Each structure stands twice: as C-alpha cells, then as structure tokens.
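Just so you know, these numbers come straight off a predicted model, no measurement behind them. Sequence lines set the chain letters: A, B, ... in the order given, protein chains first and strands last, and positions in each chain run from 1.
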Number of protein chains: 2
Amino acid sequence: MKRIKIFAPATVANLSCGFDVLGCCLDTVGDEMIISLSSEPGVRITKIEGADLPLETKKNVAGVAVEALLKDYEGAIGIEIEIYKKIKAGSGIGSSAASSAGAVWAVNHLLDHPFSAHKLVEFAMEGEKLASGNAHADNVAPALLGGFTLVRSYDPLDVIKLHTPKDLVMTVIHPQIEVKTSDARSVIKQNVTLKQAIHQWGNVGGLVTGLFTEDYELIGRSLEDVIIEPMRSILIPEFKNVKKVAIAKGALGCGISGSGPSIFALSKGMDTAKKVAEAIKEVYTKTGLDFDIHISKINNDGIKIIN
Amino acid sequence: MKRIKIFAPATVANLSCGFDVLGCCLDTVGDEMIISLSSEPGVRITKIEGADLPLETKKNVAGVAVEALLKDYEGAIGIEIEIYKKIKAGSGIGSSAASSAGAVWAVNHLLDHPFSAHKLVEFAMEGEKLASGNAHADNVAPALLGGFTLVRSYDPLDVIKLHTPKDLVMTVIHPQIEVKTSDARSVIKQNVTLKQAIHQWGNVGGLVTGLFTEDYELIGRSLEDVIIEPMRSILIPEFKNVKKVAIAKGALGCGISGSGPSIFALSKGMDTAKKVAEAIKEVYTKTGLDFDIHISKINNDGIKIIN
C-alpha cells in the first residue's frame, strides 16, 4: 500500500492589510499526516491524534477536501488519512487549512500529480468551507504553494506566489482563548469607507512591492490594517500591548493572524524575532492565560514529505 | 539668467484597480515649459501658450506648486515660468500635474537639487489641490519619478516607484467633452462593500506583482475596477464599446484614465497598441465627437530637459 508521511505547515493569513487575499507559510509549526492509497474505494479518516476532531469523512476538513479531489479524478481509488495535530484548532494559524491542504497535496503526490497546485487550492478550500462556512484561500494557498501568496481573485480563483525575502522571521503568540472563525467574522462590518479602502489597497501594493524588492522597511510600513484590526482586536486580550512591545523590540510589523486570536509579529532576522518573543511572553505571562509562542522562518516550499 | 526648457509628461492615474494610489508616466504626450531663475524675488507666470489658463501665480497650479517649494527654501529667489500646453485641460491625463510637477522639478534642478523627489511630490500636490480641491498624488508622482508609481500612504506621504516592464504601450483616447475632476469625484459613493474592497486590493496586489515579475497576462487580469469604473464610466460616451474593441484587439486591459473622460488601454507591444488605437478610433468616429488618440510607451524617467 503506497503511503507518505508529510509535514502540513501552519500559515498566517491576512498579514494586516491583505484581508482574505494575503498569507504566508511557517516553517517549524505544523501537523504531521500519513496518507495511504487503499484498494477499497472511498475516503477514510483512520486516526486523529492531538485533537478532538471528527473521524467521519464528511465532517472532517481533510475528508471533504480529498472527496472534492476524487470527484475530479477518473478511477475509483481509496484514501486513508491519519492526522497528528500539533496546530491547535481555533488558533488562527491555519489549523484546518493544514489538514485539508496537506491531505490533497499528499493524495496528488500519491497519484503522480494529476492536478496543478492551483487546482489543489480549490479542493482544499472545500475543507475551509466546512470549517468556517467560508471557502477562503488565504491559508490553504500559502500551505500549498509555500512562501507568501496572493489570492488576486476568488471568482475565478487566481492564486499567485509572491517573493520571500530570506531574512523574514515570524513570531506568533497563540493565547489559548476560544475565538471561533465565525464569531471573528461576525464582528466585521460589511461596509467600509472608500477612504479606508484606499488606505488598505495602498498598503497591499506597498507590502507586495516590499516583498519583491526585499525592502524590509517598506514591508514594515505596509503592515497596517485600518479596517479589520480595529474591529477584531477587541476580542484579543492585550493586543495593543503585544503590538507595542513587538514594535519597540524591532519587529517590522505586528497584527492579527487570520481571524485570531493568534498575533503575529514579523521581524528581520532571528535575533530580533527572539527578542520580540521574549517581550510578548512577558506581556502575556501577566495575564494568567495559557499561551504558546512560535518562532519560525518563512517556509518557501510549503507542505513536504518527511520520514 | 539661468534657465531650462523641459518636457512635462502626461500621466495615467488609477490604472483601474488603484484608485488614488497608482499611476504611470507617458513618453510622447506632454507639455513644454521654460523655467528661469530671476534676480527679482517671487514667482511669475510670464507666458502661457496653448491653453486659456490664469497667469496669476496664486491661481496657476505651477505657480502655487513653486510657491510651496520656495516656502521651504532658504534665500529669496525669483522664478519665471513659461508654459507651452499640449495636454488639454480636463482631459484626465494629468494636465495640471504636468504643469505643477514640471515647474517644481525644473526649479529644483536650477537650484542644484536641494529637495528629494519625494519632497517635490509634496510641493506639486499643492497644484493638484488648486486644480481639483484634492491634493492627490497619483499624477504628480509618476510625472516626477517616471514609470509606474504607488502612493502607499497619503498621511504620511509615502510614494514608491515600481518596476516597468519594457514592452508596455499605452493607447489613450481623449474624447473632447468636459468632465470636471470635481464632477467626476461627485458621482463616487463614499462607502463601498468590504467584498468590493477585497476584490480591488486583490487586483492591486496582482498588478504590482505583474509589474515586478513582467507577467503581462497577470497585469491584464489585474486591470479591473469594480468600484469606481461602474460609477464613472456613465459619464464617458461609448466607454463600454471602446473597452470591448480594445480587449478584442489584444489590449491587456482598458479603463478610465484618472477621472476621465480619457480612456486608456494598455498593451504588450507597439503593434497591438496601434491596432487598439485603430479600433477605438473607429468606435469614436461614429459618435461625431472630437477626440485625440495618443500612443505612448511608458516613460521611465519622467520629466526631462530638452533643447
């Protein structure tokens, strides 16, 4: 029975200015999955460790994503999926995306790559739809393509890989409070002023430029969110203080990771990212809340096979 | 008396998705100006040919822009300005921007460059403020910096030069109807849906990426405006047909230049740009309206000294 073990990375979506369109892939934070071809047709989740998630295929994000893939694949095959969760559910660093992207990537690999990365994004989005009611691509795209990605358009889907300056390092704090993606979405107003929108797309242009030109200062100046962050940050304890100390310690920028509650800070260089982590840790230790802190380079490859 | 003669180029602002932030500089369409240092302090517009514009310094965009510059300059000097307009006022290809940007660029040159290009953008914006009531930078920035430019932020002002793929050619039609910038602004709603805004900033990210990676197809896909164009295009006769034939003839994209009424079509290569011009001409000839058509490469240098 053909099988592979993969690393399915965590991802940081939105990146302040790029709500629903920008994301990037982490290197040292992620799940492991074992995906096997089976002679018995259908998709089966055979094992989940590290999280209390449904084994039933249609209720599992990896299950529905692989089912979407098989619907486009000629030939009746079977898939068995084992999931070893390390990314906590509801953390805002792409836990569901890692599972759905990882599963379709692995199946595509086992089948000798019948589908493009772009097509895999579409399949994985079915998992996101199950997880949050919204088929967004800003986590599954960076998980599948690696590095920084842009969802230029959702209809038709148009996903583009950007350039990754090599010195960028993410510090992420995950406060262990529950903020459901659906709740985080409900605090967002569906209308914005044109002025805010202009401000935001100026920053999207600036961030993309900064990535391509490796202009770290410009990346920092562009990591600004005048629309979503003011609404969502009220759901995250100590957000303002975390941002303040991160910037004070030299982070280029700091914002909400995806729909939160995780907070990311992007720095130039590992030393700065570590100092930022220390300062954030100090802020959060005082709250008495449980939290995890991750420090990770940007993973330019995305999902990969491991032993 | 130290004097220079300059070419002050026309510019195309907004570029569909980048309302108020993106613009690019034309190569073969522009005004000429002669700027002289004088021993008599103050700013004087001594001659205007080709347009019925005020000679009074405080009512002339070049005059107020140079006055803004001199306010920041130590030492009492005099400036005399001759303007030979070739860009028609109210055309939507940066007529006022050419005058104000040209004047401050030339004065800075005559004074041995005391000011940065960034600072010159600020001074030239005073001219824009006089012309339209709004100190926008999306025409003066490309006139001063050349190529494609992004206004990442207005407060504080942050203007960035992007990359220009060498095969891009603009076709611009200027229907000779009057659409005042202030009128073109008044049809715009001040609120947009978050969904529209996301669509737009996805395209800004796509266009900037396409410019840096010289991906002409991506540039074309990103030249889309779901917010301003639907509102403003009703002011421009035959807009839909012009866009239709331009795309049919191979243009990458087509939209309103600045606040209109000019329409731009961006193509890969001079041959396509010429075919697009022919097709647009055919559409407009039937209207009985007067019009000009320009075909121009992108001018990567901006304002320049001529003999």
Donor-acceptor pairs between chain A and chain B under 3.5 Å, which ones?
unit_1 : atom_1 : unit_2 : atom_2 : d
A:F19  : O      : B:W201 : NE1    : 3.1
A:R152 : NH1    : B:N203 : OD1    : 2.5
A:R152 : NH1    : B:R221 : O      : 3.0
A:D158 : OD1    : B:R221 : NH2    : 3.2
A:D158 : OD2    : B:R221 : NE     : 2.6
A:D158 : OD2    : B:R221 : NH2    : 3.2
A:Q190 : O      : B:L194 : N      : 2.9
A:V192 : N      : B:V192 : O      : 2.9
A:V192 : O      : B:V192 : N      : 2.9
A:L194 : N      : B:Q190 : O      : 2.9
A:W201 : NE1    : B:F19  : O      : 3.1
A:N203 : OD1    : B:R152 : NH1    : 2.5
A:R221 : O      : B:R152 : NH1    : 3.0
A:R221 : NE     : B:D158 : OD2    : 2.7
A:R221 : NH2    : B:D158 : OD1    : 3.2
A:R221 : NH2    : B:D158 : OD2    : 3.2

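At a 4.5 Å heavy-atom cutoff, B:L207 makes no contact with chain A through either its backbone or its side chain. With a threshold of 4.5 angstrom between heavy atoms, B:F19 approaches chain A through its backbone and through its side chain. Contact of B:I160 with chain A is made through the side chain alone, with heavy-atom distances under 4.5 Å. In this structure, chain B has no heavy atom under 4.5 Å from any part of A:L22. Looking at B:V151, only its backbone comes within 4.5 Å of chain A, counting heavy atoms on both sides.
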(request) Before giving the answer on side-chain contact (heavy atoms from CB on, under 4.5 Å), spell out for A:L194 and B:I228 the whole-Å C-alpha distance, their side-chain angles and the decisive distance to 0.1 Å. (result) CA-CA 10 Å; A:L194 182 58; B:I228 310 298; 4.3 Å; yes
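Counting heavy-atom pairs closer than 4.5 Å to chain B, the top-ranked of the candidates A:C17, A:G18, A:G202 is A:G202. The candidate with the highest count of non-hydrogen atom pairs below 4.5 Å against chain B, out of A:L218, A:L211, A:L162, is A:L218.
For the ring-ring contact (aromatic ring centres under 6.0 Å, His included) test, no residue two or more places apart in sequence or in another chain qualifies with A:F148. Applying the ring-ring contact (aromatic ring centres under 6.0 Å, His included) test to B:F239 and every residue at least two apart in sequence or in another chain returns nothing.
For the salt bridge (charged side-chain N to carboxylate O under 4.0 Å, His left out) condition, no pair includes a residue of residues 258-267 of chain B, sequence neighbours left out.
Counting all heavy atoms, side chain and backbone alike, A:V192 lies closest to B:A197 at CG2-CB, 4.2 Å.
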